[in-house]
Amino acid sequence: MELYKSQQLIIYNSLSNKKEDFVPLTEGYVGMYVCGPTVYSNVHLGNVRTFLSFDMIFRYFKHLGYKVRYVRNITDAGHLENDADAGEDRIAKKARLEELEPMEVVQQYTVDFHNVLNEFNFLPPSIEPTATGHIVEQIEIIKTILDKRLAYEVNGSVYFDVLKYNESEHYGILSGRNIEDAIHNTRALDGQSEKKNPQDFALWKRAQPEHIMRWPSPWGVGFPGWHLECTAMSTKYLGDQFDIHGGGMDLKFPHHECEIAQAQANKGVTPVRYWMHGNMLTLNGKKMAKSTGNNILPGELISGNNDILSKPFAATVARFFMLQAHYRSILDFSNDALEAAERGYFRLMNAVNALNNLRSSDTSSIDLAAWKQQCYDAMNDDFNTPILIAHLFEGVKYINQLKEGKATLTEADLKEFKETINAFIFDVLGLENVSVQDTSDKLSGVVEMLVKMRDDARANKDWALSDKIRDELQTLGIQLKDGKDGTTFSVN
RNA sequence: GGCGUCGUGGCCGAGUGGCUAGGCAGAGCUCUGCAAAAGCUUGUACAGCGGUUCGAAUCCGCUCGACGCCUCCA
């Protein structure tokens, strides 16, 4: 029997601002869409955090036995630099600056994005559509909205008529805004706007002559508005209404608000049942952002090549660090916090590595079923990974007790214990075990030889020699660990 | 100005109206020739002021502080 039948998941829905029982549209299947990156520069760790949250969510759904179609797009066009009429496509702007073909920029940063995700052990989404590959679909949606008179054309551009839409629907339903208030609180534009209302957003923009990313349309040559692409791609692959739409908190307004309005206008149905928003990763208490330079790149983390980092960190350590906070909480990035997470991570992995050496007994002194259910309860409660990790550390304690014979598990229980630990750590959290290093045979041989020499010296109470061997290996980054059953070593 | 979030012990970070989060650091202990490593044990807390309640870090109000969105943004 699939796990989801016995594990009831609760999800915090940003639309209702409440935790709700998760009931998919079709039993056993989950449709999930997450706004992907705009590929005009390298993704930073803040971006990674959001995608990581949804990677974990994707993984847990799969673990529960759901068949998941996870769609995460690549925004490679149609993303306005700003909403003024002089708006320029981000991709095109970058391309001109670097004198590259737009698709060359897209290619470069898409590859970077994928490399980063790979480094962080992300599962690939089921479909990764691009905006440029869905121009036709976007044009069709615009036509429909125009037919319904919820959009209007001006000078080769098409704008969504927010006020008209608001007559029958609620524009602002997701972000808790009221369109009337918004109008009164919007700083007056400089009178150049061709929009009826400042709140109106572009579905299609006319391309200026120098604009190099352009497509023909019924309204002339132009390019699609940013919000529209997500509507086109999500509904195309997941249906007019689907289960989950995710993204960063900063996309809630206007992006997701616009998505709801467009899709509702297009098909007469609200597109998403559960809206999920991941919170920001901050640096020095401020949101990481490309524009302000207040960010850290994944490459810098891994190389340690950044002033605030004292040393390089493995991607999986950063992953562990982020999962120690709840996805809906703001998390502040710092070297100290990362170092603390790293030590905890190693403790966890040390215990995992000891798992295979444990022996079973005739009886169990641990209530394994209760512990296991606590792990599920944590995840079932809106993906509470910090609580799950706390229970996994409880598991670490069990492992150490088993190792020392202070606790026992039957063969069946031990098997289940191992499976559960491995499932949560590697399948659900997606951590990788980097503490098991492949040291070359030659190096191992040399170190073991030295260990043997040191053992002899110790047997002869030649402390000077034994300490010398130990200290010099330490200097080389090889640490000897004297345990009960002899000496082992680890390479840093 | 509008909408919203948050303020937990040295640090990071969970949390249900009454019962231990967890990690890191600190302290003590075990192991050790001495260390290191590892393991065990363990203290300090809920921004401030009021209110509701038998009881609140957890609900309500106010004050202070921080942040997010309102323009591109994960």
Side-chain angles (χ1 to χ4, degrees), chain A residues 17 34-38 40-41 43-54 75 79-84 87-88 90 172 175-178 181-187 189 198-199 226 246-255 257 277-282 285-292 320-321 324-326 328-334 336-348 350-351 354 378 381 384-394 396-397 399-401 403-404 406 458-459 461-463 466-467 470-471 474 479-484 487-490:
Chain A
N17 289 320
V34 172
C35 294
T38 304
Y40 68 98
S41 69
V43 292
H44 60 249
L45 282 179
N47 302 310
V48 171
R49 155 120 115 140
T50 296
F51 299 128
L52 170 61
S53 296
F54 289 100
T75 298
H79 205 157
L80 297 183
E81 185 78 10
N82 57 55
D83 208 13
E88 181 177 22
R90 293 199 101 133
S175 53
R177 279 156 216 260
N178 187 317
D181 295 345
I183 289 167
H184 295 138
N185 288 308
T186 302
R187 282 155 261 153
L189 291 179
Q199 309 300 320
W226 171 42
M249 206 77 103
D250 49 355
L251 296 186
K252 206 167 172 184
F253 188 90
H255 185 54
E257 199 71 70
H277 290 96
N279 218 137
M280 301 292 103
L281 182 66
T282 60
K286 299 264 170 61
K287 177 182 167 183
M288 276 198 196
K290 288 168 189 167
S291 50
T292 59
F320 181 71
F321 161 71
Q324 274 190 303
H326 188 91
R328 281 191 290 112
S329 297
I330 291 171
L331 174 63
D332 194 55
F333 183 94
S334 72
D336 285 355
L338 209 57
E339 278 188 347
E342 185 179 51
R343 293 191 187 220
Y345 163 83
F346 279 123
R347 199 154 94 77
L348 189 62
N350 270 130
D381 184 12
N384 199 325
T385 53
I387 294 289
L388 170 65
I389 289 170
H391 290 308
L392 291 177
F393 275 105
E394 190 68 21
V396 168
K397 199 171 284 185
I399 291 171
N400 290 323
Q401 287 171 353
K403 221 163 53 174
E404 294 177 16
K406 290 178 180 166
R458 292 174 75 199
K461 302 205 175 189
D462 184 353
W463 309 129
S466 71
D467 288 356
R470 179 220 287 158
D471 295 345
Q474 175 83 52
Q479 182 168 48
L480 299 187
K481 302 174 182 179
D482 295 330
K484 266 184 181 151
T487 302
T488 57
F489 68 92
S490 67

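Note that these values count all heavy atoms, side chains included, but never hydrogens, waters or copies made by symmetry. Each chain gets a letter, A, B and so on, in the order its sequence line appears, and its residues count up from 1.
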Between B:G23 (P) and A:Lys397 (NZ): distance, integer Å:
7 Å
So which heavy atom on A:Cys35 is nearest to which on A:Leu251, and how close?
CB-CD1, 3.7 Å
State which of B:G23, B:A74, B:C70 makes the closest approach to the side chain of A:Phe393.
B:G23
Minimum-distance nucleotide to A:Asp332 side chain [options: B:G13, B:C40, B:A36]:
B:G13
Of all the heavy-atom pairs spanning A:Val396 and A:Arg347, show the shortest one and how long it is.
CG1-NH1, 3.9 Å
Given B:A37, B:G33, B:G39, identify the nucleotide with an atom nearest to the side chain of A:Arg458.
B:G33
Which part of the nucleic acid, if any, lies within reach of A:Gln401 when heavy atoms closer than 4.0 Å are counted: base, sugar-phosphate only, or nothing?
nothing
So what does A:His44 hit on the nucleic acid, given a heavy-atom distance under 4.0 Å: a base, only sugar-phosphate, or nothing?
base
Looking at B:C24, B:A36, B:A21, which one has an atom nearest to any side-chain atom of A:Asp482?
B:A36
Distance criterion of 3.5 Å, no angle test: do you see the side chain of A:Arg470 paired donor-to-acceptor with the base of B:A36?
no
Given B:A36, B:A74, B:C24, the nucleotide with the shortest approach to the side chain of A:Lys481:
B:A36
Considering all heavy atoms, the nearest A:Met288-A:Gly46 contact
SD-N, 3.6 Å
Compare the aromatic ring of A:Phe51 with the six-membered base ring of B:A74 and state whether they stack according to the 5.5 Å and 30° rule.
no
Quick note, A:Ala325 side chain, CB onward, closest among B:A14, B:C70, B:A74 is B:A14
Of all heavy-atom pairs linking A:Glu257 and A:Ser175, the shortest is OE1-OG, 2.6 Å
Could you tell me whether A:Ser466 contacts a base, only the sugar-phosphate backbone, or nothing, with contacts defined as non-hydrogen atoms closer than 4.0 Å?
base
Any side-chain heavy-atom pair of A:Thr487 and A:Arg470 under 4.5 Å:
no
Check: A:Phe333 and A:Arg49 side chains under 4.5 Å, non-hydrogen atoms
no
Within the structure shown, what part of the strands sits under 4.0 Å from A:Leu331 by heavy-atom distance: base, sugar-phosphate, or nothing?
sugar-phosphate
Closest listed nucleotide, where the reference is the side chain of A:Asp250 and the choices are B:C69, B:G15, B:G33
B:C69
Give none if B:G68 has no partner; otherwise give the nucleotide forming a Watson-Crick or G-U wobble pair with it, both distances under 3.5 Å.
B:C3
Taking only N and O in the side chain of A:Ser329, is any of them less than 4.0 Å away from OP1 or OP2 of B:A14?
yes
Side chain of A:Phe253 only, please: which of B:C69, B:A36, B:U41 is the nearest?
B:C69
Tell me which of A:Gly46 and A:Ala390 sits closer to the 5' end of RNA chain B, going by the nucleotide each one is nearest to.
A:Ala390
Rounded to the nearest Å, what distance is computed from the CG atom of residue A:Leu348 to the C1' atom of nucleotide B:G22?
12 Å
Rounded to the Å, how far apart are A:His277 NE2 and B:C67 C1'?
18 Å
What nucleic acid atoms does A:Gly278 come within less than 4.0 Å of, heavy atoms only: base, sugar-phosphate, or nothing?
nothing
Integer-rounded Å distance: B:A21 P and A:Leu388 CG
19 Å
Which is true for A:Met280 with a 4.0 Å heavy-atom rule: it touches a base, it touches only sugar-phosphate, or it touches nothing?
base
For B:G23, take OP1 and OP2 only and decide whether either is under 4.0 Å from a side-chain N or O of A:Arg343.
no
Options B:C67, B:C69, B:A21, nucleotide nearest the side-chain atoms of A:Lys286:
B:C67
Earlier contact from the 5' end, RNA chain B, for A:Leu281 and A:Phe320:
A:Phe320
State whether the side chain of A:Asn384 and the backbone N or O of A:Ile387 hold a donor-acceptor pair below 3.5 Å, judged by distance alone.
yes
N or O in side chain of A:Arg177 less than 4.0 angstrom from B:G2 OP1/OP2
no
Hey, is the side chain of A:Lys290 poking within less than 4.0 Å of OP1 or OP2 on B:A74, counting only N and O atoms?
yes
Which whole-number value in Å describes the distance from A:Ile389 CD1 to B:G15 P?
13 Å
Check whether any side-chain heavy atom of A:Leu348 lies under 4.5 Å from a side-chain heavy atom of A:Leu392, and answer yes or no.
yes
Would you say the base of B:G33 and the side-chain of A:Asp467 have a donor-acceptor pair closer than 3.5 Å?
yes
Under the side-chain contact (heavy atoms from CB on, under 4.5 Å) test against A:Lys287, which residue among A:Thr292, A:Asp250, A:Ile330, A:Leu281 passes?
A:Asp250
Roughly, in whole Å, what's the span from CD1 in A:Ile387 to P in B:G23?
12 Å
Quick one: closest heavy-atom pair of A:Gln474 and A:Gln479, and the distance?
OE1-NE2, 3.8 Å
Presence of A:Lys287 side-chain N/O under 4.0 Å of B:C67 phosphate oxygens OP1/OP2
no
What integer distance in Å separates A:Asn350:CG from B:G39:P?
6 Å
Output one line per pair: protein atom, nucleotide atom from nucleotides 4-8 of chain B, and distance, for all N/O pairs under 3.5 Å.
none

Can you measure A:Gln474 atom CD to B:C34 atom P for me and round it to whole angstrom units?
18 Å
Among B:C12, B:A14, B:C70, find the nucleotide with the atom closest to the side chain of A:Pro386.
B:A14
